[in-house]
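This report refers to the structure that appears directly beneath it.
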Number of protein chains: 2
Amino acid sequence: MASGGRATLKTIAELTGLHVSTVSRVLNGTTSGARAASAATAERVRQVALEVGYVPDIQAAGLRRQSSRLLGVMMARLTDQVLASIYEGVERTATQHGFHTMVSNSWDDPATRQAHVSMLLSRRVDAMIFGDAHVDGAFLAGFAAHGVPFVLVNRRAGDHPSVTCDDLAGGQLAAEHLYALGHRRVGVVAGLPYAANGIDRTAAFTRYFAERGHPVPGDQVVHASFDAAGGALAAEKLLDRAPHPSAIFAVSDFAAIGVLGVLRERGLRAGRDVAVVGFNDVPIAAQLTIPLSSVRNPMYEVGARGVDLLVRMMRGEPPERITLAPELRIRESSASPYTGA
Amino acid sequence: MASGGRATLKTIAELTGLHVSTVSRVLNGTTSGARAASAATAERVRQVALEVGYVPDIQAAGLRRQSSRLLGVMMARLTDQVLASIYEGVERTATQHGFHTMVSNSWDDPATRQAHVSMLLSRRVDAMIFGDAHVDGAFLAGFAAHGVPFVLVNRRAGDHPSVTCDDLAGGQLAAEHLYALGHRRVGVVAGLPYAANGIDRTAAFTRYFAERGHPVPGDQVVHASFDAAGGALAAEKLLDRAPHPSAIFAVSDFAAIGVLGVLRERGLRAGRDVAVVGFNDVPIAAQLTIPLSSVRNPMYEVGARGVDLLVRMMRGEPPERITLAPELRIRESSASPYTGA
DNA sequence: TTGTACGCGTTATCAT
DNA sequence: ATGATAACGCGTACAA
């Protein structure tokens, strides 16, 4: 515990009568094996460092070393539990690799994203993780020019290296399940139109039904934000059609919760009148009053493996596009077979 | 858009034939009014800076300026939507004040907290925001020795400066509401025992009932984590008592959702058999199949005002303890009056 | 208006 | 085993 004015290597050097470079060596454990500082000296330095409450200045070290050991992370919004979970995986894994992380919300807004990325570049991040990629890839094309390595998580884009849930497989799992229950008139809450995860989940889902002779009408695929409000808005549109769909697939659990709310307002019961399947399997899905069927997305692992991949790339290993397997979790919101019109 | 190797002031200086200090002045807009660089020079510098894709090195600037313009933020877990919302307020407001933020999850674990705080100190944060304070204040007492200004949000502790929801008022709002409905046999899901927000909400709630001659028995106040799993666990305990409570107050909405789940498993209906009131009023509370009554916590504002306070303190203004008013939102989970044992 | 010189805290290299 | 020196990129007092 020290007080007041920052203690630096210089401070310690003066107090011990040694020279700054020597102090630095001791504190960094530099000089391997035989050529270490004398045990006595080392001990003295460490002692003084503790007394004066020395805290190394990573920034200054980074300036000299030309490497910040800092990873920049862009997320659309941390209030989205899915993105927050991915970030947890990122933070923990980065720490294991000796990196710190700095995260920002882009709100899926180009200007905000640009501003925050400039900020991170100014802080000399060694690499970037993007969890908010837009499928058009315009921003990333420009960013690549900076020469800063990066990996996408959550949403793929173009052929940039990425770690995502296998969203195509996930969309198909949901489709297979509802189709097997006998549903043929289905609707989709499709997520934001520029997010590849929603796009892929929706594409695989609608393709499955189309291939079996039951194409999903265009007006039964509604784009919306991934939260409950978005899901509610989309559900209003889907249920305005007569006859209403017998099953709804929402590409996010929170959107699905919005759907459940609207169903109830209209006197329909989820799981009996309309089957509902969500995506991600966030913790509350299983705790809802009508437990929600969902496609499990290994969110934490997406973040963790994203950092692993990035670290490998920084070592010169080749970029990859990794997808992690989803799993269907059937619960009451889609447990009973479809019984007629 | 530039390529490859980092461009610095030096790069620009060489390209323009000017000297580094001149370039620096232009790019910083230094030299007020009359003594500005000649318009022609300034324009040329800016032009070249753009061409080579110059990105200023904030770290180096901070080293020189002895101020990082960086705020450190500690949260228990960003997957808690409440904390993520508070962080949004922090991030946005900090940006407005010209600060960047660096956030870490402490998991409410002392060792992890210590490690991350050391990291932030190493990065020379100008100040700190703690959203994960423990009521004992042991950690903060030690931290204060560093001389780095800080403000607490979400959870108060001791007489440290803080911005929180008025949790006492909030707990009382919940109590008044349930008491007025006729409930006398009530239970509380009280949150983590070291978190002041849960403590205050619980204290005000139980005091209200005690003062009216209906003290809440000790075994009807159950501590649990703030998430759905914690709420479920606590609900099991509360409902094992016979007769079971006619109303349950959970100090967090997600815990309340866990309660709703358990009620249903036991064949009890929330709002009819057992009234439930949550806290925070997160967006999904209103969207649930049985909409959840909740005490609204101005989460975003808590974060925003926390930064405002911190900035004022850094300017030398006195520390404060600020509380923001909660509001009761009555919904179906506690809408009907109590009708007998 | 522009140039010179130095220091911020650290690490790498060379000399002792 | 330790000391001396330079350099990372930037900002600022002072001189021209």
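All chains are named by letter (A, B, ...) in the order of the sequence lines, taking the proteins before the strands, and each is independently numbered beginning at 1.
A:Ser24 has no side-chain polar atom (N or O) that falls below the 4.0 Å cut-off from OP1 or OP2 of C:dT10. Not one side-chain nitrogen or oxygen of B:Thr22 sits closer than 4.0 Å to the OP1 or OP2 atom of C:dT1. The shortest distance between the side-chain N/O atoms of B:Asn28 and the OP1/OP2 oxygens of D:dC10 is not below 4.0 Å.
Every residue two or more places apart in sequence or in another chain that forms a side chain to side chain contact (heavy atoms under 4.5 Å, CB included) with B:Arg65 is listed here: B:Ala61, B:Ser67, B:Arg69. For A:Asp132, the salt bridge (charged side-chain N to carboxylate O under 4.0 Å, His left out) partners at least two apart in sequence or on another chain are A:Arg113. When the salt bridge (charged side-chain N to carboxylate O under 4.0 Å, His left out) test is applied to A:Arg123, no partner is found at least two apart in sequence or on another chain. Residues satisfying the salt bridge (charged side-chain N to carboxylate O under 4.0 Å, His left out) criterion with B:Asp109, sequence neighbours excluded, are absent altogether. Under the rule for a salt bridge (charged side-chain N to carboxylate O under 4.0 Å, His left out), B:Arg92 has no partner lying at least two apart in sequence or in another chain. Listed by chain and residue number, A:Val73, A:Val153, A:Val307, A:Leu310 satisfy the side chain to side chain contact (heavy atoms under 4.5 Å, CB included) test with A:Ile129 (two or more places apart in sequence, or in another chain).
Note: CZ (B:Arg123) to P (C:dT10) measures 14 Å, nearest angstrom. With rounding to whole Å, A:Glu43 atom CD is found 17 Å from D:dA1 atom P. With rounding to whole Å, B:Arg44 atom CZ is found 15 Å from C:dT1 atom P. Whole-Å rounding puts the B:Arg65 CZ to D:dT12 P distance at 7 Å. With rounding to whole Å, B:Asp57 atom CG is found 9 Å from D:dC8 atom C1'. We find that CZ of A:Arg69 is positioned 10 Å from P of C:dT11, with the value rounded to whole Å. Distance B:Glu14 CD to D:dG9 P: 11 Å, rounded to the nearest Å. As a whole-Å value, the separation of A:Ile58 CD1 from C:dT11 C1' is 14 Å.
Among the atoms of the strands shown, only primed sugar atoms or phosphate atoms (P, OP1, OP2) are found under 4.0 Å from some heavy atom of B:Leu9.
When the nearest nucleotides of DNA chain C are assigned to B:Gln66 and B:His19 by heavy-atom distance, the more 5′-ward of the two goes with B:His19.
Where the helix from C:dT1-D:dA16 to C:dT16-D:dA1 starts and where it ends, the local axes point in directions that differ by 40°; five pairs per end, rounded to 10°.
The backbone N or O of A:Thr164 lies less than 3.5 Å from no partner atom in the side chain of A:Arg156, so there is not a single donor-acceptor pair. Within the 3.5 Å criterion, the main-chain N or O of B:Trp107 finds no donor-acceptor partner in the side chain of B:Asn105.
For a distance-only test at 3.5 Å, the side chain of B:Arg25 qualifies as a donor-acceptor partner of the base of C:dG3.
Among residues at least two apart or in separate chains, side-chain hydrogen bond (donor to acceptor under 3.5 Å, both in side chains) pairs with a member in residues 299-314 of chain B are B:His97-B:Asp308, B:Arg312-B:Glu320.
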Grab the N/O contacts between the protein and nucleotides 5-7 of chain D below 3.5 Å, and write none if there aren't any.
from: D:dA7; atom 1: N3; to: A:Arg64; atom 2: NH1; distance (Å): 3.3

